Participant: 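The structure that follows is given in the form of C-alpha cells.
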Amino acid sequence: MILVTGATGHLGANLVRRLLRDGEDVRVLLRGDVHARTPALDGLAVQRVGGDVRDARSVARAVDGCDRVFHCAALKSPADGGKREIHRTNVVGTRNVLDAALRHGTERVVVTGSFGATGETRGRPSTEDVPYDPFRRHTPYATSKAFAEHECLRAAAAGLDVVIAASTAIVGPHDYGPSRAGRALLDFAHGRLLAYPPGGFEFVSVDDLVEGHLLAMRHGRPGRKYLLSTRFMTMDALMDLFAAVTGRPRPPLRVPGPLMAGAAEVLHGLARTVAPHREPRFSPAAVRFLRAERKADCSRARAELGYRPTSVATAVEQAHACFARRGLLPGRHPRVVPPRGPSSTPLPAAAAQRLPKEEP
Ligand SMILES: NC(=O)c1ccc[n+]([C@@H]2O[C@H](COP(=O)([O-])OP(=O)(O)OC[C@H]3O[C@@H](n4cnc5c(N)ncnc54)[C@H](OP(=O)(O)O)[C@@H]3O)[C@@H](O)[C@H]2O)c1
C-alpha cells in the first residue's frame, strides 16, 4: 500500500492516477470530509483516510500499514493562512510524516521539495549541492521548504530511508487549484492577460515530475535530493507557447523588469489590505524569481535515476485540453468524458505546427 499526501493537489492528482495505472494500491490522506466530492479524486479506486499533516496522530494512522509514502502535501501561498500556517504545514507536517514513517518501519518516503529552496550560483545552473542562502530575500514558502529538507536529513540520520524529489514550476493537466501557471494559461485564453514581465523560469511537466518521483522511489539514494525540471523557458517563449495552444495573440505589453517589480510591490501591499486571501498573479516574489532567470541542473537525476525530461509544450497542451473538458475556456461547456490518462485530446494539426520548437 502506498500513501500519498496532497493527493487533491496538482502533483498528487497526477501521481495517484499514474500509481493506479501501474496497478498499485493507493491510500490518500484527506482533510475535511473524506467522502466529499473532489474532481481530483472522484471515480478513482483509492482508500481515503481523514487527517491533516499538522496533526501527528492522524498522520500516524494514515502511515500505518503503508510500505511506501509520497509526501506531496504543502501550503504554498501565505494567502491560505499566513506564514505560521506555512511553517506548520510544510515543516511540522513533514516532520510528522517522517516520524510516523520511522516508527512504522516504512520502506521509503519520497518528499517533494522545491527548487526555490536550492541556493544560487551566479551564471551557472544550480545543482542540489548549492545550499539555501539564509541571507537572501526569500518567501516564507521557500524558507519552509528549506527547513523541510532539514527535517528529511534529520530523519535520514535517525535511520529513515527518505529521498527528496525537488520540483520546479509545475505545468500540466488535472490542475484543479488551479496553479499559478494554470491561472496564467486560463487568463491568456480569456484575453485577460494584458501584460507580462520579462525573465524566465524552470518549468516541469507534471508527467515528468510524476515519473521523477517514481524513479526516486525505485532508484534514489537514501538522504539524497534530486532536482526535477523539464526545461528553462523565457516568458517570451512561454507566451508564444500559450499563443500557439490557445490560438490567441500574445499580450501587447511586456513590462520592463524594474517597473514590473515596483508595480508588484505596490499591488501586493494593496492586495494584502483589500483582498488578503487572494494571491496576486504577479507577486513580488514571482517577479523576483522570473528576473533572476535561475536555471536547474538535473544531471544528478539523469545519471542516478535515469530521469529523461520530455516537453513543456505537451504539458501545456494537456493542461489546455483538461481545462477545455471542464468548460473553463471561452465558448466551451463542460462535457462528461470517461477517465483517461494524462495524455489527453491532441491539438489540431494546425495548432500543433504553431508550437515553438523545444530543445532536446
Ligand atoms: N506547484 C509548483 O509549481 C511547485 C513548485 C515547486 C515545488 N512544489 C511542491 O510540490 C508539491 C505539490 O505541489 P502542488 O502544486 O501539487 O500543490 P497544490 O496543488 O497546492 O496542493 C497542495 C496539496 O496539499 C494538501 N494540503 C495542504 N495542507 C495540508 C494539510 N495541513 N494536511 C494535509 N494536506 C494538506 C492540499 O489539500 P487540500 O485539498 O485539503 O487543500 C493539496 O492536496 C508541494 O510539496 C510543493 O511544495 C510545487
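Bear in mind the structure is a predicted one, so any value in this text is a computation, not a measurement. All ligand and atom numbering here is 1-based and tracks the order in the structure. Only this structure's heavy atoms are used, side chains among them; waters, hydrogens and symmetry mates stay out.
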Participant: If every non-hydrogen atom of Val162 is compared with every non-hydrogen atom of Cys152, which pair is closest and at what distance?
Facilitator: CG1-O, 3.4 Å

Participant: Could you report the tightest heavy-atom contact between Ile2 and Phe70, atom names first, then the distance?
Facilitator: CG2-CD1, 3.6 Å

Participant: Distance only, no hydrogens: is a donor on one side chain within 3.5 Å (strictly under) of an acceptor on the other, for Ser126 and Arg294?
Facilitator: yes

Participant: Does Gly51 reach ligand 1, in the sense of a heavy atom lying below 4.0 Å from it?
Facilitator: no

Participant: What is the closest protein heavy atom to atom 16 (O) of ligand 1, and at what distance does it sit?
Facilitator: Leu11 N, 2.8 Å

Participant: Give a yes/no verdict on whether any heavy atom in Thr168 is under 4.0 Å from an atom of ligand 1.
Facilitator: yes

Participant: Identify, for atom 47 (O) of ligand 1, the protein heavy atom at the shortest distance, and state residue, atom and that distance.
Facilitator: Tyr141 OH, 2.5 Å

Participant: Please identify which atoms of ligand 1 are closer than 4.0 Å to at least one heavy atom of Ala73.
Facilitator: 24 (O), 25 (C), 26 (N), 34 (N), 35 (C)

Participant: So between Ile170, Leu29, Thr8, whose heavy atom ends up nearest atom 13 (O) of ligand 1?
Facilitator: Ile170

Participant: So is Asp52 close enough to ligand 1, meaning a heavy atom under 4.0 angstrom away?
Facilitator: yes

Participant: In ligand 1, which numbered atoms sit nearer than 4.0 Å to a non-hydrogen atom of Ala169?
Facilitator: 3 (O)

Participant: Please report the shortest heavy-atom distance between Ala74 and Asn90, naming the atom on each side.
Facilitator: CA-OD1, 3.3 Å

Participant: Could you tell me whether Arg124 and Asp297 make a salt bridge, using a distance below 4.0 angstrom between a side-chain N and a carboxylate O?
Facilitator: no

